[in-house]
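One structure below.
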Amino acid sequence: MKNINIRKWYYHVRHRYMTMNNVVIAIALIIGASWTWGSIGMMQRNYALQKEVDGKKREQQLADLEVQTLTYEQNYYKSSEYQDLAMRQRLGMADTGEKALILPPNTQAAKNADKALTGKRTGPVVQESNFQQWANFLFGATHGDT
């Protein structure tokens, strides 16, 4: 009985589903699926390569900006303004007609001069508590307001 059912099933499948049209359609579907799979793989590869190229372009732009910045900095160090400023700061030299006023560090005149130059009061720095620092930060208070 099993043999007969298997033969019927085989005959039915062979004559109904294994026709030339169905075989051609199956082969076409397999070719289409493999072409689609290959295209998707190629698109993924192209996307990854394009991402890498974009990253390299960004790195090149960054390197170009660094070179440009270093060139500007080099030109600044070669300029006469920088050389004058460096001589004044390092060697204590002054231009013609300038006078240097040197005051003892702890006199009232020195404190007033510092205050006039910086706009801040001189004196000991008061350490605030952590809570007070957070309150100043959150509510916008400055150190002079407390």
Side-chain angles (χ1 to χ4, degrees), residues 5-6 9-146:
N5 283 340
I6 292 175
W9 178 80
Y10 178 71
Y11 180 81
H12 180 69
V13 167
R14 185 169 180 210
H15 290 295
R16 190 164 231 199
Y17 298 112
M18 298 295 272
T19 63
M20 186 55 89
N21 288 341
N22 288 346
V23 170
V24 169
I25 290 173
I27 291 173
L29 286 175
I30 290 171
I31 290 171
S34 67
W35 179 77
T36 304
W37 186 263
S39 296
I40 290 172
M42 190 58 65
M43 284 190 292
Q44 286 177 337
R45 183 170 178 256
N46 286 344
Y47 177 75
L49 289 174
Q50 186 63 41
K51 220 168 132 178
E52 187 177 335
V53 166
D54 291 343
K56 296 292 182 186
K57 281 183 182 178
R58 277 192 302 266
E59 287 177 12
Q60 181 183 9
Q61 287 175 349
L62 183 63
D64 289 342
L65 285 174
E66 286 178 5
V67 166
Q68 211 173 27
T69 302
L70 290 173
T71 303
Y72 290 144
E73 195 172 309
Q74 184 180 26
N75 290 338
Y76 170 69
Y77 289 141
K78 288 180 181 178
S79 70
S80 62
E81 292 103 16
Y82 172 75
Q83 291 173 356
D84 284 345
L85 182 64
M87 282 193 310
R88 287 177 182 208
Q89 287 178 347
R90 292 187 184 144
L91 302 176
M93 298 180 82
D95 277 344
T96 56
E98 283 186 341
K99 295 180 182 175
L101 178 62
I102 301 174
L103 299 172
N106 294 328
T107 63
Q108 188 60 34
K111 290 179 184 177
N112 291 340
D114 284 343
K115 191 176 189 182
L117 289 176
T118 61
K120 297 179 183 175
R121 61 186 167 97
T122 58
V125 176
V126 178
Q127 182 65 29
E128 297 176 337
S129 69
N130 193 24
F131 176 76
Q132 186 62 40
Q133 290 176 6
W134 274 106
N136 290 344
F137 174 73
L138 292 174
F139 300 114
T142 60
H143 293 288
D145 293 343
T146 57

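Computed from a prediction, not measured in an experiment: that's the story for all the values here.
The shortest side-chain heavy-atom distance between W134 and F131 does not fall under the 4.5 Å cut-off. Counting only heavy atoms from C-beta outward, the side chains of Q127 and Q132 never approach each other to under 4.5 Å.
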Using distance only, find each side-chain donor-acceptor pair of residues 43-54 under 3.5 Å and give its atom names and separation, not counting sequence neighbours.
residue, atom, partner, partner atom, Å
Q50, NE2, D54, OD1, 3.2

Identify each donor-acceptor pair in which a side-chain atom of residues 65-85 lies under 3.5 Å from a protein atom, sequence neighbours left out, and give them as a table.
residue, atom, partner, partner atom, Å
T69, OG1, L65, O, 2.8
T71, OG1, V67, O, 2.8
N75, ND2, T71, O, 3.4
S79, OG, Y76, O, 2.6
S79, OG, Y82, N, 3.4

Distance-only donor-acceptor hits, side chain of residues 23-42, under 3.5 Å, sequence neighbours excluded:
residue, atom, partner, partner atom, Å
S34, OG, I30, O, 3.4
S34, OG, I31, O, 2.8
T36, OG1, G32, O, 2.8
S39, OG, W35, O, 3.0

